[in-house]
Amino acid sequence: MPIFQRPLLDVTGCDIPDLSFSGLEKAVLELMGSTAETFVNPIEGAMGEVQGAIGGALSQLNDSAFTGVSFGDSNVSDFLSGKLEGLNSGIDEFRVHSDRLSGVSSVLDIGGGAYGPGGIQGEYPGLAGLHSIATQVNTLKNSLKDPLQAAKDHYSPIFNSLFGPGDDMIRSVQSLVDGDVSNFLTNFPFDQDTSGLVELGSKVSDLQSNITNLINDDNLAYEAALDFVLKKTVGFSVLSMLEQPCLGKKLFDKIAGGDLKGAVESAGEAGGL
């Protein structure tokens with residue numbers, strides 16, 4: 001509760017705009033922030049399945065057949081368990097990331113956890129902000145292209161993980177755990193062969209790194225799109241200056257570089273202004 005409480009302002013007679021939502025608009029808006037299932041992470045099922053398999057492998061590694069065999073500075077169990085726990089943590093990080101891309105984080109109650117208001121994660125926005133930037137960069141780039149060129153998708157790269165690469169990555173993890181890891185766990189109690197353990201550990205670590213790289217690629221796509229939109233927004237400000245002969249145009253004359261002035265003069269001569 002607030003420390004200081006006061007009565008709310010009396011708005012009787014105030015002109016408060018009515019947005020006059022349609023039935024569809026009202027239905028959608030009322031669902032946001034409710035307890036209803038509004039969004040789903042399309043990769044959640046695959047992530048849950050592979051983490052279950054990793055958990056099973058970790059349980060097996062607690063057996064004395066693995067804990068009792070020295071390997072490196074410790075034992076077989078500690079070595080491979082450390083690799084698998086790191087991979088499991090990578091999947092947890094990917095869940096946080098993909099929940100943000102898919103909108104799952106956008107409707108969660110605020111207060112603790114990995115997300116802030118609207119599903120933000122640090123400097124990266126939730127679904128509303130991502131969709132806004134993706135839409136703007138797609139519209140701007142297709143509007144600025146050569147009219148003879150075909151339109152191109154500049155929208156989906158921000159959501160890249162949700163359109164296939166995320167599933168492919170998790171399937172790769174599942175394949176490794178069900179294949180190489182499972183085979184090692186099955187055979188080792190009988191042959192105690194550690195010759196391939198370093199290579200197996202490297203495969204696990206490589207997949208963990210690939211998950212991190214996929215997250216970074218999505219975020220870099222957002223950063224590049226945001227940078228493009230913001231730079232073109234400066235361009236719109238310049239166009240606004242040119243429409244203000246008493247104010248903005250005088251600022252433009254002071255700060256515009258030679259190339260910018262030349263472009264404006266050429267467009268004016270061609271009737272583009």
Side-chain angles (χ1 to χ4, degrees), residues 31-32 37-55 57 83-110 113-142 151-181 202-230:
L31 278 175
M32 298 302 112
E37 181 185 64
T38 48
F39 299 104
V40 295
N41 184 335
I43 313 171
E44 177 56 46
M47 289 189 291
E49 184 176 348
V50 75
Q51 286 190 307
I54 291 173
K83 298 293 185 179
L84 290 172
E85 287 168 355
L87 181 59
N88 201 49
S89 295
I91 296 172
D92 283 337
E93 292 174 5
F94 188 68
R95 175 178 286 107
V96 170
H97 173 73
S98 53
D99 275 356
R100 180 174 61 82
L101 296 190
S102 60
V104 171
S105 71
S106 298
V107 291
L108 296 176
D109 291 336
I110 61 173
Y115 313 105
I120 65 172
Q121 183 189 0
E123 63 188 291
Y124 298 108
L127 179 61
L130 293 171
H131 167 71
S132 175
I133 292 299
T135 299
Q136 291 178 65
V137 72
N138 187 63
T139 300
L140 283 167
K141 286 197 171 185
N142 279 303
K152 184 179 178 181
D153 167 31
H154 299 284
Y155 178 91
S156 68
I158 288 177
F159 304 96
N160 185 54
S161 291
L162 303 183
F163 283 95
D167 273 322
D168 293 342
M169 177 62 63
I170 299 302
R171 278 198 294 269
S172 295
V173 175
Q174 188 78 56
S175 178
L176 179 68
V177 175
D178 290 345
D180 291 2
V181 173
S202 294
K203 288 181 179 179
V204 175
S205 295
D206 286 346
L207 281 178
Q208 182 183 354
S209 296
N210 289 343
I211 291 173
T212 299
N213 291 338
L214 188 57
I215 293 172
N216 290 339
D217 285 349
D218 287 344
N219 290 339
L220 286 172
Y222 165 75
E223 291 173 9
L226 177 63
D227 184 64
F228 181 87
V229 169
L230 291 177

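Just so you know, residue 1 is the first one in the sequence shown, and it goes up from there.
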Closest non-hydrogen atom pair between [X] and [Y], with its separation:
X    : Y    : value
D178 : A53  : OD1-CB, 4.1 Å
N41  : S98  : ND2-OG, 2.8 Å
N210 : M169 : CB-CE, 3.4 Å
R100 : G119 : CG-O, 3.5 Å
F163 : S156 : CE1-CB, 4.0 Å
L130 : Y222 : CD2-CD1, 3.7 Å

I'd like to check the side chain to side chain contact (heavy atoms under 4.5 Å, CB included) partners of [X]; sequence neighbours left out, ordered by chain and number.
X    : value
Q136 : S132, I133, V229
V96  : A114, Y115, Q121
A221 : P157
S209 : none

Could you tell me whether the side chain of N160 reaches within less than 4.5 Å of the side chain of L101, counting heavy atoms only? no
Is there a side-chain contact between H97 and L214 (heavy atoms, below 4.5 Å)?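 H97 does not reach L214 side chain to side chain.
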Roughly how far apart are [X] [atom1] and [Y] [atom2], rounded to 0.5 Å?
X    : Y    : atom1 : atom2 : result
I54  : L87  : CD1   : CG    : 4.0 Å
N219 : Y124 : CG    : OH    : 4.0 Å
H154 : K141 : NE2   : NZ    : 5.5 Å
D167 : M47  : CG    : CE    : 9.0 Å
I158 : L226 : CD1   : CG    : 8.5 Å
N88  : K83  : CG    : NZ    : 15.0 Å

Indicate whether the side chain of D92 and that of Q51 have a donor and an acceptor atom separated by less than 3.5 Å. yes
Taking ring-ring contact (aromatic ring centres under 6.0 Å, His included) as the test, write out the residues that go with F159, two or more places apart. Y155
Enumerate the residue pairs fulfilling salt bridge (charged side-chain N to carboxylate O under 4.0 Å, His left out) with a member in residues 207-225, sequence neighbours excluded, ordered by first and then second residue.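 The answer is none; no pair qualifies.
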Before accepting this row, confirm whether a basic side-chain N of the pair D206/K203 lies closer than 4.0 Å to the acidic partner's carboxylate O.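 Looking at D206 and K203, the cut-off is not met.
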Please check if the side chain of T135 supplies one atom and the backbone of H131 the other of a donor-acceptor pair under 3.5 Å. yes
